[in-house]
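In what follows, every chain begins at residue 1, and chains take the letters A, B, ... in the order their sequences are listed.
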Number of protein chains: 2
Amino acid sequence: MTRRSRTHQSTPSNEQAILDAALTLAVTAGYEGTTMAEVARLSGLPVGSVYWHFNNKEQLFSELIDYCFETWKADHTGPTNRDLLRRSIAGSAGGSVNPENKAEAFWILALLFALEKRLTGNLARERYLEVRKQMFELMVERVEPQIPDSVLAVDPEFGRKMVVLGRALTDGFYIAASSGDDIDFLEFADLSASAVEALIARRAAAVAADEEKQ
Amino acid sequence: MTRRSRTHQSTPSNEQAILDAALTLAVTAGYEGTTMAEVARLSGLPVGSVYWHFNNKEQLFSELIDYCFETWKADHTGPTNRDLLRRSIAGSAGGSVNPENKAEAFWILALLFALEKRLTGNLARERYLEVRKQMFELMVERVEPQIPDSVLAVDPEFGRKMVVLGRALTDGFYIAASSGDDIDFLEFADLSASAVEALIARRAAAVAADEEKQ
DNA sequence: GTCTATACGATGATAGAC
DNA sequence: GTCTATCATCGTATAGAC
């Protein structure tokens with residue numbers, strides 16, 4: 001244990017180079033498919049440096065999750081754009097991820113860690129589960145202002161439900177794109193976005209009708 | 001190359017034991033995470049037997065895909081039940097797959113092969129892409145009778161679109177379940193199923209309105 | 001067809017010079 | 001902090017007895 005304390009003040013550039021390399025490899029090769037040697041090669045640093053900056057593979061991936069999360073938090077401020085879901089699905093087209101986009105890349109890591117259940121207990125997977133929870137909370141906070149108050153009064157969880165549905169659709173279409181499904185992602189992006197909007201409108205109408213009866 | 005020709009007439013039971021073991025491991029550990037030694041151990045056979053029945057890991061997984069596909073084809077005959085989507089999403093709850101259910105397990109393999117793009121060129125991944133196409137064709141054939149003819153006349157691809165959407169939703173909620181999202185899957189199953197039905201109804205109404213104008 | 005022993009490469013990780 | 005050399009282990013695959 002000759003490692004430095006886990007603070008980021010010293011030479012952040014090499015550490016970032018390693019994280020960027022790991023991210024690029026992870027989104028195409030998965031956790032087991034990403035090797036420390038390859039991470040080193042791609043980052044332009046020797047293996048020793050990787051192990052100086054990160055204790056081991058688990059910790060590297062764990063910090064990779066945080067790295068993406070920090071970027072995501074910085075990007076996703078302010079009220080949600082109505083087109084957010086539409087754009088995220090449309091962006092799936094081709095099934096390739098741009099690792100430059102840390103926020104987007106997080107959700108690919110998410111798919112990896114969700115599926116490899118053998119990694120239960122793995123530091124990185126546990127961190128993923130924790131960060132995912134936090135991201136959902138933040139997304140719910142941003143989506144709720146778009147839900148009519150009358151709906152939330154009846155079903156306080158409705159905002160969360162729309163977030164969950166949006167995530168499921170985005171993940172599902174990313175899988176489709178990665179499987180070479182020959183479909184028009186723009187059309188499905190529109191379809192999904194309008195379906196969610198329709199659900200909100202329908203629920204609002206139902207609540208209004210209910211109140212009428214009172 | 002001292003292997004037998006690829007026919008299944010001889011001692012199918014051990015071959016099946018190996019496939020079952022591989023399937024169980026694959027759905028929890030992924031492709032890279034599944035080792036031949038572990039497959040052998042779980043099947044109760046020595047490593048040598050595994051390599052006698054299957055040339056290598058790639059071929060084992062390739063045949064695993066076919067194995068699931070055959071079972072799926074046998075199960076999925078006749079017209080679709082309206083509750084199919086509802087049940088497949090509800091079945092995701094907990095994020096665990098029962099490897100006994102080959103048909104369901106196929107879609108977990110699907111997720112694995114969709115994500116590990118490093119496996120491009122891998123026999124098993126190529127086979128997955130091919131089988132996936134075939135399964136979609138079969139699903140479209142079964143769903144189309146449920147779509148009003150008037151809709152299909154205007155948009156012959158509408159049946160396929162609903163199949164794609166249903167698959168995306170099912171995959172997306174499986175990811176959610178595997179990530180420990182604490183949601184009511186039965187509710188989302190209902191929500192998704194009714195959303196798809198609403199889309200069909202809405203499209204039918206739109207087509208009818210259009211014809212009115214003619 | 002079954003099984004044991006083993007070759008061989010790849011991978012995670014460390015030691016220690018600079 | 002950087003880098004080279006190296007180790008121990010594991011994983012795929014094979015050889016060959018039975």
Side-chain angles (χ1 to χ4, degrees), chain A residues 1-22 25-26 28-64 112 116 118-119 121-125, chain B residues 1-22 25-26 28-64 112 116 118-119 121-125:
Chain A
M1 291 297 151
T2 63
R3 315 283 176 241
R4 89 311 23 183
S5 61
R6 292 264 57 259
T7 49
H8 282 261
Q9 74 275 24
S10 55
T11 47
S13 71
N14 273 352
E15 218 164 87
Q16 260 200 33
I18 295 168
L19 287 169
D20 286 335
L25 294 172
T28 57
Y31 182 80
E32 311 268 0
T34 298
T35 72
M36 296 299 267
E38 188 76 357
V39 169
R41 202 191 55 72
L42 188 60
S43 70
L45 291 165
V47 194
S49 290
V50 175
Y51 278 97
W52 190 88
H53 286 286
F54 305 93
N55 291 338
N56 49 41
K57 191 178 178 179
E58 270 190 41
Q59 202 220 338
L60 169 59
F61 272 78
S62 174
E63 300 217 19
L64 187 52
L112 300 177
E116 301 228 6
R118 195 183 68 148
L119 297 182
N122 176 299
L123 188 65
R125 191 181 135 102
Chain B
M1 289 296 153
T2 64
R3 315 283 174 236
R4 83 336 349 199
S5 60
R6 291 264 60 257
T7 50
H8 283 262
Q9 75 275 27
S10 54
T11 48
S13 71
N14 273 352
E15 219 164 85
Q16 262 199 33
I18 295 168
L19 287 169
D20 287 334
L25 293 172
T28 57
Y31 182 80
E32 311 267 0
T34 299
T35 72
M36 297 299 266
E38 188 77 358
V39 169
R41 202 191 55 72
L42 188 61
S43 71
L45 292 165
V47 195
S49 291
V50 175
Y51 277 97
W52 190 87
H53 286 286
F54 305 92
N55 291 339
N56 50 40
K57 191 177 177 180
E58 270 190 41
Q59 202 220 337
L60 169 59
F61 272 78
S62 175
E63 300 218 18
L64 188 52
L112 299 178
E116 301 228 6
R118 195 183 70 145
L119 297 182
N122 176 299
L123 188 66
R125 192 182 135 102

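Atoms CG (L60(A)) and P (dT11(C)) sit 16 Å apart, rounded to a whole Å. Whole-Å rounding puts the N122(A) CG to dG12(C) P distance at 13 Å. Summarising the geometry, the separation between CG on L25(A) and P on dT11(C) is reported as 12 Å, rounded to the nearest angstrom. As rounded to whole Å, 11 Å separates atom C1' of dC10(D) from atom CZ of R118(A). What separates CG of N56(B) from P of dT14(D) is a distance of 8 Å, to the nearest Å. Distance W52(B) CH2 to dG1(C) C1': 6 Å, rounded to the nearest Å. Spacing between atom CD of Q16(B) and atom P of dG1(C) amounts to 14 Å, rounded to whole angstrom units.
Each salt bridge (Lys or Arg N to Asp or Glu O under 4.0 Å) pair with one or both residues in residues 42-54 of chain B, not counting sequence neighbours, would appear here, but there are none. A salt bridge (Lys or Arg N to Asp or Glu O under 4.0 Å) check over residues 40-60 of chain B, counting only residues at least two apart or in different chains, returns the pairs E38(B)-R41(B).
At the phosphate of dA13(D), OP1 or OP2 sits under 4.0 Å from a side-chain N or O atom of Y51(B). Contact annotation: N14(A) does not reach the phosphate of dG1(D) (side-chain N/O to OP1 or OP2, under 4.0 Å).
Within residues 28-41 of chain B, no residue places a heavy atom under 4.0 Å from DNA chain C.
For V50(B), the side-chain contact (heavy atoms from CB on, under 4.5 Å) partners two or more places apart in sequence, or in a different chain, are I18(B), M36(B), A40(B). Y31(B) meets the ring pair (Phe, Tyr, Trp, His ring centres under 6.0 Å) test with F61(B), F113(B); sequence neighbours excluded. With sequence neighbours left out, T28(A) forms a side-chain contact (heavy atoms from CB on, under 4.5 Å) with no residue at all.
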Item to check | Full working for side chain to side chain contact (heavy atoms under 4.5 Å, CB included) between L60(A) and L19(A) | outcome: CA-CA 8 Å; L60(A) 169 59; L19(A) 287 169; 3.9 Å; yes
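Each of K57(A) and G44(B) lies near DNA chain C, and the nucleotide nearest G44(B) is the one positioned closer to the 5' end.
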